[in-house]
Amino acid sequence: FIPTALALFVGMLVDRWGASKVHTLALLLGSVLAPMPMFYWWTHTPQSSAIAAVYVGEAILGLLLALTTSVYLWVVELFPVRVRSTGVSIAYNLGIGVFGGLGPVLSDAGNLVISPRFIPTALALFVGMLVDRWGASKVHTLALLLGSVLAPMPMFYWWTHTPQSSAIAAVYVGEAILGLLLALTTSVYLWVVELFPVRVRSTGVSIAYNLGIGVFGGLGPVLSDAGNLVISPR
């Protein structure tokens, strides 16, 4: 819940410094300065201090997640208004494709298996054009409808009832559908920015984003752990 608690302060920091400076700080801390010391500390922490180390690490991660809120405003400021939707879609999905897709491809290369996670990148231009034509709110609503209501249950049912001989094909088709849904979620960048007037936009986006992280990203694991006390995970 730390990102939620820090959301207001990060928004005020973005309003004072600007999105680009806070985003640079987030990248510097999250990608350069923090990872190696954190991993070294976790791998060398004695068993008796493991739980405390996890909590402190989660607190540091919460601070870094709160700072990354600035990416929403930073990426929007990169493009002029008339091509903003297409630009944000391409930038977002290139990131998904390169870092979220290339990693698994390189990992699977030794097994001669190709990951289908480049699909969001391939669809980026078309989703941007769709946002330009329909508007961010309509495409975002479509993404929520497909990704949160229509797709999950049929997908999980299909995967859990697929015979072993068709398992790999099912995973690939599922990844393709997931790629389409990820491409559509690009619209959230523009949709959340349009919710707030310019003078309080940074603070508003920070609070909205980190409330979502706190409620769904934080409350979910809490409820899951609480459920383990009542129902066995097995």
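Separating the CE atom in Met155 from the OG1 atom in Thr160 is a distance of 11.0 Å, to the nearest 0.5 Å. Rounded to the nearest 0.5 angstrom, Tyr157 OH and Thr162 OG1 are separated by 10.0 Å.
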Do any side-chain atoms of residues 136-153 form donor-acceptor pairs under 3.5 angstrom with protein atoms, and if so which ones, sequence neighbours left out?
{"residue": "Thr141", "atom": "OG1", "partner": "Ser137", "partner atom": "O", "Å": "2.7"}
{"residue": "Ser148", "atom": "OG", "partner": "Leu144", "partner atom": "O", "Å": "3.4"}

Before giving the answer on side-chain contact (heavy atoms from CB on, under 4.5 Å), spell out for Trp158 and Val173 the whole-Å C-alpha distance, their side-chain angles and the decisive distance to 0.1 Å. CA-CA 11 Å; Trp158 178 43; Val173 174; 3.6 Å; yes
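Through side-chain heavy atoms spaced under 4.5 Å, either directly or across other Ile, Leu, Val, Met, Phe, Trp or Tyr residues, Ile51 is tied to Tyr55.
Within the 4.5 Å cutoff, no side-chain heavy atoms of Phe126 are placed close to those of Leu130. Contact of the Leu182 side chain with the Leu178 side chain is registered, since non-hydrogen atoms from C-beta on lie closer than 4.5 Å.
At least one donor-acceptor pair closer than 3.5 Å links the side chain of Trp159 to the backbone N or O of Ala170.
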